[in-house]
Amino acid sequence: MSIYSFLVAVRSDGQQLMSDTGETTSHLMGMFYRTLRIVDNGIKPLYVFDGAPPKLKSGELAKRFARKNEASEQHEEAKETGTAEEVEKFSRRTVRVTREHNEECRRLLRLMGIPFIVAPTEAEAQCAVLARAGKVYAAASEDMDTLTFDSPILLRHLTFSEQRKEPIQEIHLDKTLEGLNMDRKQFIDLCILLGCDYLDPVPKIGPNTALKLIRDHGTLEKVVEFIESDPKKKYAIPEDWPYQDARELFLHPDVRSADDPECDFKWEAPDVEGLVQFLVNEKGFNEDRVRSAAQKLQKNVKTAQQSRLEGFFKAIPKTEDQKKDLKRKHEEKVADAKKKKKEDAKTKKETKAKAHLNS
DNA sequence: ACTCTGACTCAAGACGCT
DNA sequence: TTGAGTCAGAGT
DNA sequence: AGCGTCC
C-alpha cells in the first residue's frame with residue numbers, strides 16, 4: 001500500500017520522479033526517507049510485503065483490473081484532447097505497483113540493513129502473526145483488517161513525517177473487543193458484514209445496522225437467516241456471498257509461522273557503498289543526501305533501541321475541540337468500532353506508548 | 001426531527017529554506 | 001486505489 | 001506554515 005501511495009503522491013509537474021534513464025524513483029524516494037525517519041526515531045521496522053492474493057479476492061481484483069484499464073484509456077484520451085490537469089488526474093488513476101517496484105524496494109531495504117518478509121498471501125495476516133508472537137511490538141498499517149487478523153496492537157499513521165496531520169493511533173484489539181463487548185468470532189463476523197476486501201457489501205447495511213444485526217443475532221449465520229426470512233425483504237444478501245470462506249481466511253490465513261527460520265529477523269548496518277551505487281549511480285539521487293542518510297542509519301544501529309515515541313505522542317492535542325472531534329468521528333464507520341478504542345488509547349495511554357517496535 | 005446510507009469530492013510523500 | 005469529509009434523500 | 005524541489 002505504501003509503495004502505491006508513493007507512486008501516486010511523489011511527483012513533480014504531474015510526473016513521477018525519474019532517474020535520467022527514465023525509470024521511476026518515487027517509490028525509492030518515499031521508502032528511503034520514511035524508513036530513515038522511522039529508524040531515526042528509535043524504531044526498528046520490519047517490512048512485510050504482500051504475497052499472492054487469496055483466491056477469494058480474485059473477484060475484487062478483477063474489478064480493479066477492469067477499472068485500471070478503463071482509466072488507462074481515459075488517460076490516453078486525455079493526453080490527446082484533455083487539459084494538463086486531466087492528464088495528471090488519470091495518470092494517478094492508472095498507477096500500478098509492478099514486480100520491479102517491489103524488487104527495487106527490497107533491494108533498498110537490504111542495503112539499508114532493514115529486514116523484511118514476503119508474506120505467503122496477505123501482508124496484514126503475516127503482520128498479525130508476527131505481532132502476536134512478540135516478534136514485533138505492533139503491526140503498523142492503515143488497514144483495519146489487521147485487527148481482524150488478530151494482531152494485538154495496530155498502529156496507524158506511523159510515518160513520523162513532519163506534517164503528519166493525523167496523530168499516530170495505537171489500537172489494542174483486546175480493548176476494542178472489550179469496548180464492543182464481543183468475542184473475536186463476532187468481531188470477525190461484524191467486519192465481514194461491514195464490508196471486507198473479499199466480499200461485496202450488503203446494500204443498505206452500514207456500520208450501525210451491521211453492529212445492530214450482529215448484536216441481535218450473534219452470528220453471521222443467524223443474521224443471514226434473519227435477512228432471508230424477513231417478510232419485508234428489507235435487505236438482500238448478494239448472490240455470491242461466501243461469508244464462511246471469508247471468515248475462514250480471517251481465522252486461518254496462509255502465513256509463515258513466527259518460529260519459521262525465515263522469521264529470524266536481523267537489523268544490520270547499512271551497506272553505504274551499496275546504497276551509493278544503487279541510489280546515486282543507478283538512480284541519480286544526490287550523493288551527499290544519500291551519504292548523510294546512510295550515516296544516520298549507521299548511528300542508529302549502534303544506539304541502544306530506546307524509545308523516542310513519547311516525543312511524538314506528546315504532540316497529540318487534547319483540547320476540547322479535539323475531543324469533540326474525536327467523539328464525532330467515533331460515531332462512524334468500521335472505524336467506529338475501532339476508533340472507540342482509539343479514544344481510550346488516547347485518553348489513557350497518551351504518552352505511555354513504548355516503542356520497542358520489536359524487542 | 002432524527003438516523004442512516006450512499007453518492008460525491010478531494011488529496012495523496014518528505015525535505016529544507018524562508 | 002484508499003480515506004476522509006460533506007451533503008441529500010429515504011426511512012423511521 | 002507555505003512552497004519549491006527532490007529524480
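Quantities reported herein were computed from a predicted structural model and do not represent experimental measurements. Letters A, B, ... mirror the listed sequences (proteins, then strands); counts begin at 1.
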When the [atom1] atoms of [N] and [M] are considered, how many whole Å apart are they?
{"N": "B:dA12", "M": "D:dA1", "atom1": "P", "result": "16 Å"}
{"N": "C:dG5", "M": "B:dG13", "atom1": "P", "result": "15 Å"}
{"N": "B:dA7", "M": "D:dC6", "atom1": "P", "result": "43 Å"}
{"N": "B:dT9", "M": "D:dG4", "atom1": "C1'", "result": "27 Å"}

Please pick, from [options], the nucleotide with the shortest atom-to-atom distance to any side-chain atom of [X].
{"X": "A:R37", "options": "B:dG13, B:dA14, C:dG3", "result": "B:dA14"}
{"X": "A:T159", "options": "C:dT12, B:dA14, C:dA4", "result": "B:dA14"}
{"X": "A:Y33", "options": "B:dC15, B:dG13, C:dA4", "result": "B:dC15"}
{"X": "A:V10", "options": "D:dC7, B:dA14, B:dG13", "result": "B:dG13"}

Across the strands shown, which category fits A:Y4 at heavy-atom distances under 4.0 angstrom: base, sugar-phosphate, nothing? base
Please classify the nucleic acid contact of A:K234 as base, sugar-phosphate, or nothing, using heavy-atom distances under 4.0 Å.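 Sugar-phosphate contact only.
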In whole Å, I'd like the distance from the [atom1] atom of [X] to the [atom2] atom of [N].
{"X": "A:K232", "N": "C:dG11", "atom1": "NZ", "atom2": "C1'", "value": "12 Å"}
{"X": "A:F32", "N": "D:dT5", "atom1": "CZ", "atom2": "P", "value": "22 Å"}
{"X": "A:F6", "N": "B:dA12", "atom1": "CZ", "atom2": "C1'", "value": "11 Å"}
{"X": "A:E104", "N": "D:dC7", "atom1": "CD", "atom2": "P", "value": "15 Å"}
{"X": "A:E166", "N": "B:dA12", "atom1": "CD", "atom2": "C1'", "value": "12 Å"}
{"X": "A:R11", "N": "D:dC6", "atom1": "CZ", "atom2": "P", "value": "17 Å"}
{"X": "A:L7", "N": "C:dT2", "atom1": "CG", "atom2": "P", "value": "15 Å"}
{"X": "A:H101", "N": "C:dT1", "atom1": "NE2", "atom2": "C1'", "value": "15 Å"}

Which residues satisfy the salt bridge (charged side-chain N to carboxylate O under 4.0 Å, His left out) test with A:D13, sequence neighbours excluded?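 With neighbours one apart ignored, the set is empty.
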Which parts of residues 109-119 of chain A get close to DNA chain B, meaning a heavy atom less than 4.0 angstrom away?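 Those residues whose heavy atoms fall under 4.0 Å from DNA chain B, taken from residues 109-119 of chain A, amount to none.
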Residues touching DNA chain B, which here means a heavy atom under 4.0 Å, drawn from residues 269-295 of chain A: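 The stretch gives A:R289 as the residues lying under 4.0 Å from the strand, ordered by number.
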Could you check whether [X] pairs with [Y] (Lys NZ or Arg NE/NH1/NH2 to Asp/Glu carboxylate O, under 4.0 Å)?
{"X": "A:R247", "Y": "A:E221", "answer": "yes"}
{"X": "A:E166", "Y": "A:R156", "answer": "no"}
{"X": "A:E228", "Y": "A:K233", "answer": "no"}

Per the side chain to side chain donor-acceptor pair (under 3.5 Å) rule, which among A:R99, A:H101, A:R106 passes with A:E103?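 Among the candidates, only A:R99 passes.
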Tell me whether the count of non-hydrogen atoms from other residues, nucleotides or ligands lying under 6.0 Å of CG in A:D216 goes above 12.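 More than 12 within 6.0 Å, yes.
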For A:T35, enumerate each residue passing the side-chain hydrogen bond (donor to acceptor under 3.5 Å, both in side chains) test, keeping only those at least two apart in sequence or located in another chain.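 Once residues adjacent in sequence are excluded, the partners of A:T35 under the side-chain hydrogen bond (donor to acceptor under 3.5 Å, both in side chains) criterion are A:Y47.
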Identify the two heavy atoms, one from A:M112 and one from A:L297, that lie closest to each other, and give their separation to 0.1 Å. CE-CD1, 3.7 Å
Taking A:I43's backbone N and O only, do any of them form a donor-acceptor pair with A:N41's side chain (distance below 3.5 Å, no angle check)? no
Is A:R37 reaching over with its side chain to a backbone N or O of A:F160, donor-acceptor style, under 3.5 angstrom? yes
Check the angle between the aromatic planes of A:F265 and A:W267 and answer parallel, tilted or perpendicular using the 30° and 60° thresholds.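 If you compare the ring of A:F265 with that of A:W267, the planes turn out perpendicular.
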Find every protein N or O atom lying less than 3.5 Å from an N or O atom of nucleotides 1-4 of chain B, and list the pairs.
unit_1: B:dC4; atom_1: O3'; unit_2: A:T209; atom_2: OG1; d: 3.4

Check the phosphate of C:dT1 against A:R93, side-chain N and O only, distance under 4.0 Å to OP1 or OP2. Yes or no?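 No, because none of the side-chain N or O atoms of A:R93 sits under 4.0 Å from OP1 or OP2 of C:dT1.
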How about A:F6 and A:H27: are their ring centroids closer than 6.0 Å?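 No, the ring of A:F6 stays outside the 6.0 Å limit from the ring of A:H27, centre to centre.
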Only counting residues at least two apart or in another chain, list the ones meeting side chain to side chain contact (heavy atoms under 4.5 Å, CB included) with A:T209.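 A:T209 satisfies side chain to side chain contact (heavy atoms under 4.5 Å, CB included) with A:I205, A:L213, A:Y235 once adjacent residues are dropped.
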Using the closest heavy atom to pick a nucleotide of DNA chain B for each, name whichever of A:V8 or A:L36 lands nearer the 5' end. A:V8
